[in-house]
Structures are given as structure tokens and as C-alpha cells.
2 protein chains.
Amino acid sequence: MTGRAADSVVKAISGRIHSGVLADGDLLPAERDLMEEFGISRTVAREAVRILASQGLIAAKPRHRPVIRKAGFEAAFDAAGSIVGNLLQHPGGVHNLFDTRIMLEAALVREAALSAGKKDIVNLKTALAENGATIDDNDRFYQTDQQFHAVLYDIPGNPVYPAIHRAYTTWLAPQWGQMPRLADRNRINFASHTAIMDAILLRDPDAAEAALRSHLADAWDQVRLTFGDI
Amino acid sequence: MTGRAADSVVKAISGRIHSGVLADGDLLPAERDLMEEFGISRTVAREAVRILASQGLIAAKPRHRPVIRKAGFEAAFDAAGSIVGNLLQHPGGVHNLFDTRIMLEAALVREAALSAGKKDIVNLKTALAENGATIDDNDRFYQTDQQFHAVLYDIPGNPVYPAIHRAYTTWLAPQWGQMPRLADRNRINFASHTAIMDAILLRDPDAAEAALRSHLADAWDQVRLTFGDI
DNA sequence: TTGCAAATTTTGGTCATACCAAAAATACTT
DNA sequence: AAGTATTTTTGGTATGACCAAAATTTGCAA
């Protein structure tokens, strides 16, 4: 109707994905099979595959059969990823994004301080302990650092938050990855994590937020030290 | 090098867009021109256009010349839109999304209470006044209601927040649009807005957050009343 | 000259076919 | 049974062609 023959194919396939006919991890039918099934040309079949890929419903690596990828909120943020990548090239882009991260994590630690359950506390303590144990291993510290923050995103039990966390770490990875890793900095960051943890244990949302903001503001200073004004 | 000829074309064109050679609103060269310029087949030219469109750099309506669209954060959320749309069909999807909205707006009103400037206060008062003046006009109340919340997203001066607000209203519109509009409810919502405003004026973040959470929790109850458990 | 409608050109959407190279599948050898 | 060579499948790209919708030009009448 509306000019795009590929759209109907996209609709049909995404329907199969959501209804489970095509499960996570399955291979998409070959393009030549699609053209037979839907009575379309290969051009349209390829177009449909492209659209599905841009919507995150399938993962299409060059020269490989596209793989069905169950669409979670992660997929949504993945779809936004390429655009955000462009925006981060512009002055202020990284700062704007990091700023939202600060506000969100501030809200998350408040939430944690107010309503973290026993299990959440255990998870936080575990993550913190592992973080402390890897201060001298820069690569692993990087991982356990992220893991500690990840626990914060898990606490509300809302799958959107972990997806956001993954998006942040992915989008900001280019900057983060280039930052110099020093044991001294690790020690400072671990101390910050500990302060956040303490405030949560004391059920003091204001202190938790303050500690978190201080932590991320410090991290941002490091970014600026490395990259200058971006 | 690695398989996708279209990628180099995409890179070249996106470079032109970012460098301003192709400005916002310009028309993308015709496919047949692209193939000549880059020495590629029409297949690849079309592929490149598709990719650029999926990245939000150009807006391609069927049967129309693609238009350059300098991507903002709104474009990123637009790209995520189709996936989120699907997720909202699943049980709990709407709730999960609305939950994040509550947390974000709670953080925003805290921010507003702590650091809203004179201009922000004026904007809030204006929005609130217009909201109050339209209690008996359901459609306009709906608009001024959104406008009041929009001001909250504007206060931090970070372009990401207005984009998020637009995404929320777009994504949740299907539910919101079907809700019954009653002058009584308008009155309640206006009272909530006033309470939030008062707390901000008193520079009391806790009260502002409480008022906001109460307001949105109430709104959610209305949603459940209309749709049942979703 | 100007306004508008008809004719023409441009351009996006689709199809069919062909070739190549990388993957995947299969056959074969050790 | 394991590893290697061979065949088949499949995605990436190129050509060329046709149609219908847009955009442009042309031409005529007011």
C-alpha cells in the first residue's frame, strides 16, 4: 500500500520473532528462501533484512547468516547506538550524556538507600569486595568497577535499567577505554564505592547521592584531564 | 575493506553532513548520481541510503528524495521507537517504562528544587497557569499538562532530557490517548502540579519528589483502572 | 506577461540475472 | 576418528530494465 514492499515482509518476520516461531539464536532463512516464500525479489528480501537489522531484531554480520536476536530493551538502545555515536563526536555530546548518567545513578543510589533488600545488599557487598581485591589489576578493576555500578542498576528489578547501563558503558567506552589506568586512581575509586556502600547501609539517601555525585564528578574530571574540553 | 562497500559511502556522506557540506534540509544526491560519484552500483548506493536513514542522518520517505536531517538525540530515541513499541505489547512492559519515568522525573524535580533559576521558575509558573486555565478543556489540558512536565525536562539545560520526554510521550501515547478525560481528574492533576510547584518554590527537594511520585503513582492507578493489569 | 494544465524528464521502487568470494556442508583421505 | 580437500550454499555486488510517482519543463490560453 504505502510503497514499501519490504515493510510487509518485515512485519511478517518480526511477527514470527515475537510469536516465538523464530526463537532467539535461530538463523534467519536465506535471502533466496525469503524471496520464494514471500514472492518477492532478492532486492526486497535484502531490504527487509536491512530493516530488521536496523531495528535490532536480527544481528547481521557481513558474510554471515543473520541471527535472530530476541528484542529486549537492550536492542532498543543498540538501535540508537549509531546515532548516539555520531552525537558524541560533537562538542558537549559526551558531557551531556555523562550528565544524564550522573542524575540517573544518583536516583538509583537514593533508591538503593531507601529500599535495597537483603539480596541487594549481599550483591553490593560482593561486588565491592571483588572491586577491592582487584585494585592492582587494572583490567580486572575496570570490570569489577563496572560490575559494582551494574548492581545499582539491578536493584529496582526493572529490566530497563540494566539495559541503560549497558548502553552507557558501550557508548562511553571509546573515552573510557583510552583513560590511563593507575593503581592510585583505582584506590580512589574503590574508596568512593565504599563511601556509597556505607551510605546505603546507613539508609541515608542524601549521603548516598552525595557520595555518588562526588564519585562521578571526579571521574568526569579525569576524562577532562585526558581529553581536554569535550 | 571488510565486505561492505556501502560503508565507505556512508562514511563519506556522513562526513559531508557533519562538516556542513550537506546542510540540514538539503536533498541527498540522487542514487544515480551517487553511483557515478563513488563508482558503485545502484545496489550499493541504495544500501548506503538505507543505512544512513537507519542512522537518522537522513529522512527517507517513500518515493521522495531523501532529506538531510542533522541527528539530534531525538533521532536516537526515534530509532529505538519501533522496538520499544513491540516491548510495550508484553505484560509489564508499560509498567517498566512508566517506572523509569517516575524515577527520572523524581530526579528532575529534586534538581529543580535545588537549582532552578529565575527563568525556570517563570517557565514553570507560566506552564502551571496555562494548565490551570484549561481545566475545562480536556484536549488543551492534555497539552498543557505535558507542557508543564516538559519544563521540568528543560531545566537542566541538557538536550538529552527533552528528547527523553518526547520519547516517553510518544511511546506511552497509545495508552494515554485512550484514557478517559474528565474535568474532575484535570482538577486533581492540576492540584498535583501546584503541589510540585510549591515544593520547588520552597526549595524542598524531598517534598517535591514526594509530590511528584504521588502525582505519577496516581496517574498510573488511572492507567490500571482503564486497562487492567498491563 | 502570467497562470495553469499537459507533456516530458527525473528518480525512487522493484524485478531478473549473473558472477564472485567467503562460509558452510560434504566427501574423502589418512 | 580426525583432519583435509572439494563441492554447495549463501551473502555482496554489478547490470540492465521497467514502472509509477515526483519533479520539471513546455505550451497554451487568459
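Lettering of chains follows the sequences in order, A, B, ..., and the numbering in each one begins at 1. Bear in mind that the values here come from a model prediction, so they are computed numbers and not experimental data.
- Residue A5(A) has its side chain nearest to dT14(C) when only dA14(D), dG13(C), dT14(C) are considered.
- One finds a side-chain N or O of H64(A) lying less than 4.0 angstrom from the OP1 or OP2 phosphate oxygen of dA24(C).
- Proximity of R65(B) to the phosphate of dG12(C): a side-chain N or O atom is located under 4.0 Å from OP1 or OP2.
- Side chain of I40(B), nearest nucleotide from dT11(C), dA14(D), dA17(D): dA14(D).
- At a cut-off of 3.5 Å, with distance as the only test, a side-chain donor of N138(A) or N186(A) sits close to an acceptor on the other residue.
- In the displayed structure, R185(B) atom CZ is contacted under 6.0 Å by more than 12 heavy atoms of other residues, nucleotides or ligands.
- In this structure, CD of E36(B) is placed 15 Å from C1' of dT10(C), rounded to the nearest angstrom.
- In the interface, the side chain of R63(B) is not paired with the base of dG13(C) through any donor and acceptor atom under 3.5 Å apart.
- Each side chain to side chain donor-acceptor pair (under 3.5 Å) pair with one or both residues in residues 14-23 of chain B, not counting sequence neighbours, appears once here: N86(A)-H18(B), H90(A)-H18(B), R16(B)-E37(B).
- The backbone N or O of N158(B) sits nowhere less than 3.5 Å from a side-chain atom of N96(A) that would complete a donor-acceptor pair.
- Of the candidates dG13(C), dT14(C), dA21(C), dT14(C) carries the atom nearest the S41(A) side chain, counting heavy atoms from C-beta on.
- Relative to the side chain of R42(B), the nucleotides dC15(C), dA21(C), dG13(C) differ in distance, and dG13(C) lies closest.
- If you take CG of D33(B) and P of dT10(C), they are 11 Å apart, rounded to a whole angstrom.
- Between the CG atom in L212(A) and the CD1 atom in I196(A) there is a gap of 4.5 Å [rounded to 0.5 Å].
- Between the CD atom of E31(A) and the C1' atom of dC15(C) there is a distance of 15 Å, given to the nearest Å.
- At whole-Å resolution of the value, CZ in R32(A) and C1' in dT8(D) are 11 Å apart.
- Checking dG11(D), dG12(D), dT11(C) against every side-chain atom of A30(A), the shortest atom distance belongs to dG11(D).
- Side-chain contact check for L34(A) versus I13(A): some heavy-atom pair is nearer than 4.5 Å.
- Within a heavy-atom distance below 4.0 Å of DNA chain D, the residues of residues 43-61 of chain A found are R46(A).
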| said: Please determine whether side-chain hydrogen bond (donor to acceptor under 3.5 Å, both in side chains) holds for the pair H165(B) and H149(B), giving the CA-CA distance in whole Å, both sets of side-chain angles, and the decisive distance to 0.1 Å. | reply: CA-CA 8 Å; H165(B) 182 238; H149(B) 286 264; 5.7 Å; no

